[in-house]
Amino acid sequence: MTKAKAAVFASGTGSNFQALMDTEHLACEIVLLVCDQSDASVIEKAAKSKIPTFIFNAKAYPSKEAYEKQLVQKLQEVNVSWVFLAGYMRIVGPTLLQAFERKIVNIHPSLLPAFPGKDAIGQAFQSGVETTGVTVHFIDEGIDTGPIIAQESVAILSGDTEATLKQRIQQVEHALYPRVVNQLLQSSSNF
Ligand code: GAR
């Protein structure tokens with residue numbers, strides 16, 4: 001059976017992109033990286049893995065609709081059926097959402113609905129909560145909202161700094177995201 005094709009959207013370091021790439025039996029084939037920051041280190045990671053990359057500058061387009069139309073076209077050209085957001089720091093608009101209904105998944109470093117948006121790890125650390133974690137969810141028009149697929153808790157320990165907490169959260173992300181991707185693909189191929 002041929003594998004479903006997927007794109008990863010990322011804006012930064014790309015450790016989650018790398019974790020998906022390094023998964024031995026990923027149930028989909030990652031055929032495209034989409035990146036909105038021309039200096040992001042995820043671009044180098046994709047080049048090393050020989051994954052084609054589409055880099056765009058949102059400011060060069062008249063609107064979100066305009067760049068998302070182009071993204072939809074790029075995704076359709078390579079027969080992508082799933083989109084995995086991995087540190088993509090933009091709100092996805094109706095153009096992409098309608099083209100890939102229930103096929104766009106995000107990972108976020110908190111137990112949503114707590115600490116949405118930017119710097120979720122710092123927000124949790126500074127708030128004094130004892131537990132934070134990781135959420136994988138389908139996206140909608142909101143910021144880190146949409147139906148939750150999976151969550152895993154991470155305790156904030158008394159000796160933690162933001163850096164040590166981030167390290168443990170990312171370890172959880174790198175195991176959870178590939179696992180959820182595989183579960184989603186396997187359950188959707190049963191229909
Ligand atoms: C990850 O921790 C991801 O959960 C987060 O950005 C980081 C990207 O790291 N996403 C969000 O905050 C989405 N709101 P990476 O580039 O090393 O994968």
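As the structure lists them, so they are numbered: ligands from 1, and atoms in each ligand from 1. Note that this is a predicted model, so its numbers are computed, not measured.
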Under a 4.0 angstrom heavy-atom cut-off, which atoms of ligand 1 come close to [X]?
{"X": "His108", "result": "4 (O), 11 (C), 12 (O), 13 (C), 14 (N)"}
{"X": "Asp144", "result": "13 (C), 14 (N)"}
{"X": "Glu173", "result": "1 (C), 2 (O), 3 (C), 4 (O)"}
{"X": "Thr13", "result": "16 (O), 17 (O)"}
{"X": "Gly87", "result": "6 (O), 8 (C), 10 (N)"}

Geometry only, no angles: is [X] polar-contacting ligand 1 at N/O separations under 3.5 Å?
{"X": "Gln170", "answer": "yes"}
{"X": "Gly14", "answer": "yes"}
{"X": "Asn106", "answer": "no"}

Just wondering, do [Y] and [X] contact through their side chains at under 4.5 Å, heavy atoms?
{"X": "Met21", "Y": "Lys48", "result": "no"}
{"X": "Val181", "Y": "Cys28", "result": "yes"}
{"X": "Leu157", "Y": "Arg168", "result": "yes"}
{"X": "Asn79", "Y": "Glu29", "result": "no"}

Students should find that the hydrophobic cluster of Tyr61, defined by side-chain heavy atoms under 4.5 Å apart, otherwise consists of Phe9, Val31, Leu32, Val34, Phe54, Phe56, Tyr67, Leu71, Val72, Leu75, Val78, Val80, Val83, Leu85, Tyr88, Val92, Leu96, Leu97, Phe100, Ile104, Ile139
Lys64 atom NZ: more than 12 heavy-atom contacts under 6.0 Å: yes
What is the distance from atom OG1 of Thr135 to atom CZ of Phe115, rounded to the nearest 0.5 Å? 11.5 Å
Roughly how far apart are Glu152 CD and Ile169 CD1, rounded to 0.5 Å?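 It comes to 11.0 Å.
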Can you tell me if [X] has a non-hydrogen atom under 4.0 Å from ligand 1?
{"X": "Pro109", "value": "yes"}
{"X": "Lys166", "value": "no"}
{"X": "Ala120", "value": "no"}

What protein heavy atom is closest to atom 17 (O) of ligand 1, reported as residue, atom name and distance in Å?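 The closest one turns out to be Ser15 OG, 2.5 Å.
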Tell me the protein heavy atom at minimum distance from atom 10 (N) of ligand 1, and give that distance in Å. Ile107 O, 3.5 Å
Transitively linked via ILVMFWY side-chain contacts under 4.5 Å: Val8 with Val180? yes
Same cluster or not: are Ile121 and Leu112 linked, directly or through other Ile, Leu, Val, Met, Phe, Trp or Tyr residues, by side-chain heavy atoms under 4.5 angstrom apart? no
Of the side chain and backbone of Ile169, name the one, both, or neither that has a heavy atom under 4.0 Å from an atom of ligand 1.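 It is neither; nothing of Ile169 touches ligand 1.
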Please classify the Lys118 to ligand 1 contact at 4.0 Å (heavy-atom distances, strictly less than): side chain, backbone, both or neither. neither
